[in-house]
Engineer: 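Below is a structure I'd like to ask you about.
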Amino acid sequence: MLRPVFLGFLLRPVFFGILLRAVFFGFLLSVVLLSCYLNAQESNSPSEVDRGWKAGVARVVITPPEYMWMAGYAARDKPADGKLHDLWLKALALEDAEGNKALLITSDIIGFSRELSQSICGKLHKKFKLERKDIILSSSHTHSGPVLNNNLYGIYPPFDDKQKEQIRRYQQFLEAQVLIAAERALGSLAPSSISTGVGISRFAVNRRESGWEGDILYSPDVKGPSDHSVPVIKITDERNRLTAVVFGYACHATSLSINKWSGDYPGFAQIELEKMYPSATAMFFAGFGADQNPFPRGGVLQAEQYGKELAISVERILEGEMEQLSPSLKTVYEEIELEIAQPPDQAKLEQIIENGAGWEKRWAMMIMEKQAAGEKLEDSYPFYPVQGWQLGEQSLVVLGGEVVVDYALALRELLGNDIILVGYSNDVMTYIPSERVLKEGGYEGKSSMWVYGHRGSWEPGIEEKIITEVLRQMYFCKNKEIDYLE
Ligand SMILES: [Zn+2]
């Protein structure tokens, strides 16, 4: 039985005040506890895991099923007669937190022409709804792969119908293999982490400054600019297992000139990395190294050595701290018009025909024949591809053609050292000299236009046009203005 004094207290207003406060704070506490509980539940739920990156990777062999003419050199006089190792095409599919997808293709070939890229991208769009900007078709530029149409075509001796048919058949095979790799990569998208870092390897030498076959063994110093960075993109799955490693280097894949299929040093580097990390697919892309050669060159052991050097540079980065990227993807692609100068005059062409040999002579004859037939010669190339990808905090600049190292130096100055530069992509229509190289001339500045079948050199202004487009795209990717100082 309650005592009357206590009963009296219960009836006093002060008690109701305390009771109300207790109910109010109790309610607040329950709300806080409930929301903590729900948050904890949510962070363990699959939807939270799905809000990260997804990645899928696949590889297919693209070694030609028959011995055919090999790409890259004018001097070869017979088709391939064996192989050191298989040529590969590899696909990395990416999907960000919003469900945006992209596809990176790397390959042991000389380069995709625009025609081939368009055909492939058309099929990828139809089948997987990927837009042109979402696809990078890159090549290692190996000089130990097969000849492809519309790529360096003028450098080879004229092909007969049987050889032309072989090239056509190979391109059909290559296209089919790209589709298979893309399907497998997109079909294996799984939660992943992506991180990046940069290593270094120093076997690339500026071939314009050091001479084509210059012996640098006893040189006190190596002349001319080079880009010795080794960009690395690391993909790991939920169990922190390495599933793919993408890496690049700015140097011609020209250690070898024998008649056996191989990926040259990039092929050996990929093999080495896949031996070191059996769970991973290693993917190589060529940077802006059109004026760079591995020096010295000429032997299988050298190609293996450069491959191992590169693999160890990549390993060092993979085993260290790397920057993890936020799961957002932005892509942009544009084709810009670059002007082409007039061909040499009649007298000069006649002089080339009289004194020249091989591809130079064939080119001069082709120009004269076209002029005599009243054919209009191209005064520009309206399709130069410039592409930008933003993977979280990491920017990628992807250019077509064989881009000289000056572009790497200029873009690093403008966009920072951590930018990833991918060359030999989407359309390898010829060399892309800087204003300096264009003025100097030589192979990369002038005559390489001939082996790609163009009427003359690029017009001055090429560097500014390309860099302006790159900056416009990076502005779009990064949402900020970038100063472009002359
Ligand atoms: Zn080249």
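Indexing begins at 1, ligand by ligand and atom by atom, following the structure's order.
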Engineer: Around the Zn ion (ligand 1), what protein N, O or S atoms are found below 2.8 Å?
Structural biologist: H141 NE2, H252 NE2, E402 OE1

Engineer: Take a 6.0 Å sphere around CE of M366 and say whether it holds more than 12 heavy atoms from other residues, nucleotides or ligands.
Structural biologist: yes

Engineer: For Y249 together with Y306, are the ring centres under 6.0 Å from each other?
Structural biologist: no

Engineer: May I ask you to test the Y384-I432 pair for a side-chain heavy-atom distance under 4.5 Å?
Structural biologist: yes

Engineer: Cation-pi check, K101 to F128: give yes when NZ or CZ is under 6.0 Å from the six-membered ring centre and within 45° of the ring axis, no otherwise.
Structural biologist: no

Engineer: Kindly compute the distance separating CZ (F247) from OG (S201), expressed to the nearest 0.5 Å.
Structural biologist: 10.5 Å

Engineer: Using side-chain contact (heavy atoms from CB on, under 4.5 Å) as the criterion, point out the one residue from P266, S425, S140, S138 that pairs with T106.
Structural biologist: S138

